[in-house]
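Down below is the structure, laid out as structure tokens.
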2 protein chains.
Amino acid sequence: MTYHHGDLRHALIDAALDLLAETQRWDFSLREVARRAGVSHNAPYAHFPDKNALLAAVGVRGYERLRGATVAAAEGCQTAAQALVAIGRAYITFGLGNVAHYRLMFGQALAVDGQMPEPIRAAAAAARGLLREIILRGARDGSFSVDPDNGDDIAGAVMSAWSLVHGFTLLAIDGLTSRETELEADRLIDLILLRMMKGLASKDA
Amino acid sequence: MTYHHGDLRHALIDAALDLLAETQRWDFSLREVARRAGVSHNAPYAHFPDKNALLAAVGVRGYERLRGATVAAAEGCQTAAQALVAIGRAYITFGLGNVAHYRLMFGQALAVDGQMPEPIRAAAAAARGLLREIILRGARDGSFSVDPDNGDDIAGAVMSAWSLVHGFTLLAIDGLTSRETELEADRLIDLILLRMMKGLASKDA
DNA sequence: ACCTGAACACCGTTCAAGT
DNA sequence: ACCTGAACACCGTTCAAGT
């Protein structure tokens with residue numbers, strides 16, 4: 001049994017995903033991943049230039065899954081406003097359900113020389129594009145106060161929505177959300193999504 | 001020269017802060033910190049139970065600095081609305097000016113068993129308290145649509161404001177903010193803060 | 001109490017070698 | 001092309017020992 005599988009690259013990513021889910025951390029060792037995949041500790045170097053490259057591939061998987069979850073949530077929504085809330089809720093749920101994976105997607109682990117690798121930047125741009133579509137839809141049907149012809153205005157709306165949901169997800173993961181009242185997590189999510197919508201809503205909506 | 005300084009604990013934290021600023025990363029080694037402080041590689045264990053404890057102490061320093069920067073920004077502001085915008089801007093500026101420190105304050109590096117250590121939780125609670133005060137002030141003078149007697153409502157407003165600013169800071173650090181238009185960073189900050197304020201503002205403001 | 005030096009079980013990465 | 005085993009320069013942490 002010389003070659004364990006036709007696709008060790010794929011097997012390594014899967015092993016890393018398993019470790020992510022099991023340990024709830026992304027600081028596992030490359031050697032541990034290799035062990036899981038049943039190969040020697042440096043077989044990964046035949047498929048990835050270094051550990052960072054493997055992590056980046058795993059990170060891209062995260063963006064794909066997140067996109068899948070949010071797109072699915074938006075389907076069947078009548079209005080743009082409903083779709084945006086559904087996306088926000090699905091986004092937060094994904095983060096809280098995949099803590100380590102979500103952290104990896106955005107953390108310093110993927111950054112090289114202070115910059116995210118290109119595949120991650122592309123995935124993030126796609127995520128912004130998804131949000132942009134919804135917001136433009138809402139701008140055209142009058143539910144959002146966004147000028148569809150003003151690129152800055154759109155970018156501001158997109159980034160404010162993403163920032164709020166992203167920030168909340170991370171604070172919730174870190175356990176740094178409000179504990180003042182015995183507020184249930186779901187209720188708090190409702191409340192912050194309400195504020196997000198209010199920030200985008202047009203006055204006559 | 002047996003004891004290098006009366007306060008090695010302090011010296012180690014300073015050395016770590018130096019490394020943070022120089023390398024722009026928080027994944028330096030404990031041994032490197034010891035080297036910087038001019039002591040053997042395990043002298044730190046006389047002052048910290050493990051590496052995590054040193055990082056936590058450095059993280060707390062970050063919260064203190066961040067608090068100092070935001071409190072200073074709020075001083076001299078006439079209205080609660082102005083104060084909140086000033087705080088938001090100072091917050092983002094701090095994050096972008098102390099990338100590694102900011103990432104450390106919230107990242108997995110400090111988490112043990114999926115939970116942030118108590119000193120960090122306390123610092124975060126203090127940060128929420130600061131926001132809460134401003135928001136309550138704005139609620140009483142009528143500039144924010146927050147019910148001062150409804151704890152949930154307050155918590156929702158606090159978390160939505162913090163989430164937005166926190167999320168934006170991290171996305172900007174990661175370089176994942178909009179690049180569609182040739183939007184300047186400062187302009188984008190203005191736009192997202194505007195959306196934040198709109199999410200909090202009362203209709204008659 | 002505070003620090004040192006040796007030691008242990010790990011890393012990521014490289015290299016020569018095997019098929 | 002794909003994988004192995006030995007090797008290198010590191011880690012975090014522990015332990016016995018020194019003042």
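Values below: all heavy atoms of this structure, side chains included; hydrogens, waters and symmetry mates excluded. Letters A, B, ... mirror the listed sequences (proteins, then strands); counts begin at 1. Bear in mind that the values here come from a model prediction, so they are computed numbers and not experimental data.
Listed candidates were C/dG12, C/dT4, D/dT14. Nearest to the side chain of B/Y45 is D/dT14.
Separating the CD atom of A/E32 from the P atom of C/dC10 is a distance of 10 Å, rounded to the nearest angstrom. Atom pair B/L12:CG and C/dC3:C1' shows a separation of 12 Å (rounding to whole Å applied). The nearest whole Å value for the distance from the CZ atom in B/R35 to the P atom in D/dC10 is 8 Å. Residue A/L8 contributes atom CG, which lies 9 Å from atom C1' of D/dC3 at whole-angstrom precision. For the pair B/L30 CG and D/dC10 P, the computed distance is 16 Å after rounding to whole Å.
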- Determine which bases of DNA chain D form Watson-Crick or G-U wobble pairs with both distances under 3.5 Å, and write the result as a 5' to 3' dot-bracket string with | for other-strand partners. ||.|||||...|||||.||
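Under the salt bridge (Lys or Arg N to Asp or Glu O under 4.0 Å) criterion, A/D190 pairs with A/R89, sequence neighbours left out. Partners of B/R31 according to the salt bridge (Lys or Arg N to Asp or Glu O under 4.0 Å) rule, which considers only residues two or more places apart in sequence or in another chain, do not exist here. Annotation: ring-ring contact (aromatic ring centres under 6.0 Å, His included) contacts of A/Y102 (sequence neighbours excluded): A/Y91, A/F106, A/H166. Residues that satisfy the salt bridge (Lys or Arg N to Asp or Glu O under 4.0 Å) test with A/R9, not counting sequence neighbours, are absent from this structure. In this view, B/D27 and B/R25 satisfy the salt bridge (Lys or Arg N to Asp or Glu O under 4.0 Å) rule, not counting sequence neighbours.
Counting non-hydrogen atoms under 4.0 angstrom, A/S29 reaches the backbone sugars and phosphates but no base.
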Below 3.5 Å is the cut-off: list the nitrogen or oxygen pairs between protein and nucleotides 6-9 of chain D, distance only.
unit_1	atom_1	unit_2	atom_2	d
D/dA6	N6	A/H41	NE2	3.2
D/dA6	N6	A/N42	ND2	3.3

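With A/I173 as the partner, the side-chain contact (heavy atoms from CB on, under 4.5 Å) test is satisfied by one option alone out of A/L96, A/I92, A/N98: A/L96.
Residue pairs meeting the salt bridge (Lys or Arg N to Asp or Glu O under 4.0 Å) criterion with at least one partner in residues 165-178 of chain A, sequence neighbours excluded, are A/R103-A/D174. Under the side-chain hydrogen bond (donor to acceptor under 3.5 Å, both in side chains) criterion, the residue pairs touching residues 49-65 of chain A are A/H10-A/R61, with sequence neighbours excluded.
Within residues 48-60 of chain B, the residues approaching DNA chain D are B/D50, B/K51, by heavy-atom distance under 4.0 Å.
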Using atom types as modelled, flag every donor-acceptor pair under 3.5 Å from a side chain in residues 114-121 of chain A to any protein atom, sequence neighbours excluded.
unit_1	atom_1	unit_2	atom_2	d
A/Q115	OE1	A/R121	NH1	3.1

Less than 3.5 Å apart, which donor and acceptor atoms pair up between the side chains of residues 32-40 of chain A and the rest of the protein, not counting sequence neighbours?
unit_1	atom_1	unit_2	atom_2	d
A/E32	OE1	A/R35	NH1	2.5
A/R36	NH1	A/E22	OE1	3.4
A/R36	NH1	A/E22	OE2	3.0
A/R36	NH2	A/E22	OE1	2.9
A/S40	OG	A/N42	OD1	3.0

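Nearer to the 5' terminus of DNA chain D, by closest-nucleotide assignment, is the contact made by A/A43 (compared with the other of A/A43 and B/F28).
Proximity of B/R9 to the phosphate of C/dA1: no side-chain N or O atom is located under 4.0 Å from OP1 or OP2.
In this structure, B/L20 and B/F28 have side chains that are in contact, with non-hydrogen atoms separated by less than 4.5 Å.
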